[in-house]
Amino acid sequence: MIRIYLVFALALLTMTANAQTPTDSVGIFAMMDGKAIRMDKITHNAIKGSGGLASAATFGMAKIKSKLQFKGNTSPNHFKGTAVFRMYFGAPQTTDLVKLYQFTANYSAKDFEVARFDVKKNARTLTGVSASLLGSSVGVSAADDLSVTVTETRPKVYDITVSGKPGEYCFMFVANGTNGFGGVYDFTIE
């Protein structure tokens, strides 16, 4: 009888141990009202082009642009004045590896940038490609008028504070040239 209880206890321990591993916490969290709220990645729903006619009329001197378009004109993650986040890096569970590959142990907060969305009607856009006869750039540019402070609180755990003028922003993974094409983590500063 004791063996049955022992087998049952070990089986129960095995089932619950998987649910409480430290790998569950990898990702980016918005720190709001003393709580850590996991942020979900959003991906672009369309790629819009502009400037083709002007470029043709000027024989390639005017720029053409390709913009990543995201649904909605605002994020569900709203901050007043200053936005505070925590990033955890480690070993995502196998089922979440595709979704959270940016947070594996070989990356860090240095592999992320903050970009500003352009808001138009019910969509937000990031310029992904800009090209003309005189040159081109590929990848979304980081917002340059923000104050971003990164503090490593312990190995592979970072507290990030973002201050700037009101607007729509996002964290984008920039390692390996992905720059927003693999999805972004959006937030709003009011």
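- Here T104 pairs with P92, L97, N106, Y107 under the side chain to side chain contact (heavy atoms under 4.5 Å, CB included) rule; sequence neighbours left out.
- Put simply, the side chain of I189 does not reach to within 4.5 Å of the side chain of H78, judged on heavy atoms.
- Residues meeting the side-chain hydrogen bond (donor to acceptor under 3.5 Å, both in side chains) test with T188, sequence neighbours left out: T74, E168.
- For K120, there are no salt bridge (charged side-chain N to carboxylate O under 4.0 Å, His left out) partners two or more places apart in sequence or in a different chain.
- Tested against C170 for a side chain to side chain contact (heavy atoms under 4.5 Å, CB included), the candidates V184, N77, I42 yield a single pass: V184.
- Here D40 does not pair with K99 in a salt bridge; the nearest charged N to carboxylate O distance is not below 4.0 Å.
- Separation of atoms CD (Q102) and CE (M172) is listed at 13.0 Å; rounding is to 0.5 Å.
- Less than 6.0 angstrom separates the ring centroid of Y88 from the ring centroid of F29.
- Residues forming a ring pair (Phe, Tyr, Trp, His ring centres under 6.0 Å) with F187 (at least two apart in sequence, or on another chain): F85, Y169, F171.
- Here the closest non-hydrogen pair linking A115 and L126 is CB-CD2, 4.1 Å.
- Note on M32 and I28: same hydrophobic cluster, where clusters join Ile, Leu, Val, Met, Phe, Trp and Tyr whose side-chain heavy atoms are under 4.5 Å apart, directly or indirectly.
- Minimum heavy-atom separation, V150 to A109: CG1-CB, 3.9 Å.
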Quiz item: Can you list the steps and then say if I37 with M39 is a side chain to side chain contact (heavy atoms under 4.5 Å, CB included)?
Solution: CA-CA 6 Å; I37 300 167; M39 293 177 65; over 6 Å; no
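- With K71 contributing its side chain and N45 its backbone, the two residues share no donor-acceptor pair below 3.5 Å.
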Going by atom type alone, with no hydrogens or angles, which donor-acceptor pairs under 3.5 Å involve a side-chain atom of residues 160-167 and a protein atom two or more places apart or on another chain?
{"from": "S163", "atom 1": "OG", "to": "T82", "atom 2": "OG1", "distance (Å)": "3.4"}

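- Note on ring orientation: taking the six-membered ring where Trp is involved, the planes of Y101 and F173 are perpendicular (angle over 60°, cut-offs 30° and 60°).
- Checked against ring pair (Phe, Tyr, Trp, His ring centres under 6.0 Å), F117 has the following partners two or more places apart in sequence or in another chain: F70.
- Nearest heavy-atom pair across P76 and D186 is CD-OD2, 3.9 Å.
- Using a 4.5 Å heavy-atom cutoff, the side chains of M87 and S108 are not in contact.
- With values rounded to the nearest 0.5 angstrom, T151 atom OG1 is found 6.5 Å from D159 atom CG.
- The distance from atom CZ of R124 to atom CG of N73, rounded to the nearest 0.5 Å, is 7.5 Å.
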